[in-house]
S.K.: 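Would you mind keeping the following structure in view while I ask a few things?
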Amino acid sequence: MIKHELPSYLQQQSQGPWEVYLEQIDRVTPHLGSLARWIETLKRPKRILIVDVPIERDDGSIAHFEGYRVQHNTSRGPGKGGVRFHQDVSLSEVMALSAWMTVKNAAVNVPYGGAKGGIRVDPRQLSKAELQRMTRRYTSEINIIIGPTKDIPAPDVNTNEEIMAWMMDTYSMNQGSTASGVVTGKPISLGGSLGRQEATGRGVFVIGSECAVRKGLDPNRLRIAIQGFGNVGGVAARLFAESGARVVAIQDHATTIVDEGGLDVAAALEHARRTGSLAGFPGCAHLAKQDEFWDIDCDLLIPAALEQQINAANAGRIKAAIVLEGANGPTTPGADDILADRGILVVPDVIANAGGVTVSYFEWVQDFSSFFWTEEEINARLTRIMRDALASVWQIAEDRGVSLRTAAFIVGCTRVLQAREMRGLYP
Ligand code: GLU
């Protein structure tokens, strides 16, 4: 008998990101009072859609990819969250990412539930035409559950405004009319918002600067180390460098560049844009091993790549005052404990990287009203929302003697479960 390879969602996945999320929920539950009665709501995604995404390759062969869209919760509004294209996308990962969107959207109080999508594919192996066919087929397959008032996708790892344009077009062609509000992170000319592309990195910068001040660090003398040089790490690096901070290390998928005197971030961005990575970037040292990144002496360490990067194995080596989570889920609960014991402040993803979805919300509002705001208005509103969210989470952390993550989960989960309770169970 031929042995068939099972799809990844039927293979056993231990300790995936979903288990990390469940542990975070267990840690917040004792702080939720009578709302804890509803906690199971947060441990079960509302709806999971797994789709087959077949495409014809340029050489005439047929390829199949696993696609996902998970709507974790819609108690406070439509599902909202990005779509990721990555070879390691799994059901556990998309479930966790959708749940973190629920908590994040509630923590910064934008009127959404949480959702996330993804395709298990290495997009670098596809031509542009293949990428477009895959995106369109995926959008058609999830068309039954998305929509401007149902669930609104956006960019995430390896997806961008061009892919959002194809998603918007595919959905609109199926509907028979242009529906710009079905996705956010679109090109400006298709109803995108000024400031959206850099919003996540800008939010990381705003929250990082504010936390540095709150920790008594001089914002003009900060030393920053960043893992990830995409749309989050790249923008955060640029804004910190422009503010006078020193970016002393940047790691991407190919290499880690270091310079204690401060890297030339603008030149590094240009090099990465031109060549596809930081490999061969001149004028600074390159670490011999990627793992040595965790030993770098800095004030702010910004993981801005993938999940579970900071874990029990490396948390003891980190030499930073603050870990600022640009990525979703970069720190495991075990690492959270080690960092807390060592007096290192962890600023959780659900606050630190919420700038992206906050400006997605502005984009969606602008699309509905067909009235567009200036970049100054957008950045000012973004900064205010981020600072206010941090201030209330900080206060709760102090009052209750809990970590910023647990405090952010207290705020987010309370809002979600209050909505759940007020709405009541149907039928
Ligand atoms: N993918 C981003 C995130 O993880 C943004 C999601 C959105 O704008 O909907 O928060």
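Atoms within each ligand, like the ligands themselves, are counted from 1 in listed order.
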S.K.: Centre-to-centre under 6.0 Å for His72 and Tyr21, is that the case here?
M.R.: yes
S.K.: When the side chains of residues 379-389 are checked against the rest of the protein, which donor-acceptor pairs come out under 3.5 Å, sequence neighbours left out?
M.R.:
| residue | atom | partner | partner atom | Å |
| --- | --- | --- | --- | --- |
| Thr383 | OG1 | Asn379 | O | 2.8 |
| Arg387 | NE | Glu210 | OE1 | 3.0 |

S.K.: Using side chain to side chain contact (heavy atoms under 4.5 Å, CB included) as the criterion, list what pairs up with Ile144, not counting sequence neighbours.
M.R.: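 Result, side chain to side chain contact (heavy atoms under 4.5 Å, CB included) vs Ile144: Leu49.
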S.K.: May I ask you to decide if the ring planes of Phe240 and Phe205 are parallel, tilted or perpendicular, using 30° and 60° as cut-offs?
M.R.: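 Ring orientation, 0 to 90° scale: perpendicular.
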S.K.: Could you check whether the rings of Phe368 and Trp364 sit parallel, tilted or perpendicular, using 30° and 60° as the cut-offs?
M.R.: perpendicular
S.K.: Dump all N/O pairs between ligand 1 and the protein below 3.5 Å as a table: atom names plus distance, one pair per row.
M.R.:
| residue | atom | partner | partner atom | Å |
| --- | --- | --- | --- | --- |
| ligand 1 | 1 (N) | Pro155 | O | 2.9 |
| ligand 1 | 1 (N) | Asp156 | OD1 | 2.8 |
| ligand 1 | 4 (O) | Lys104 | NZ | 3.2 |
| ligand 1 | 4 (O) | Lys116 | NZ | 2.9 |
| ligand 1 | 4 (O) | Asp156 | OD1 | 3.4 |
| ligand 1 | 4 (O) | Asn328 | ND2 | 3.0 |
| ligand 1 | 8 (O) | Arg196 | NH2 | 3.1 |
| ligand 1 | 8 (O) | Ser360 | OG | 2.5 |
| ligand 1 | 9 (O) | Lys80 | NZ | 2.8 |
| ligand 1 | 10 (O) | Lys104 | NZ | 2.6 |

S.K.: Quick one: list whatever passes side chain to side chain donor-acceptor pair (under 3.5 Å) with Glu325, sequence neighbours left out.
M.R.: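 Here the qualifying residues are Thr331, Arg405.
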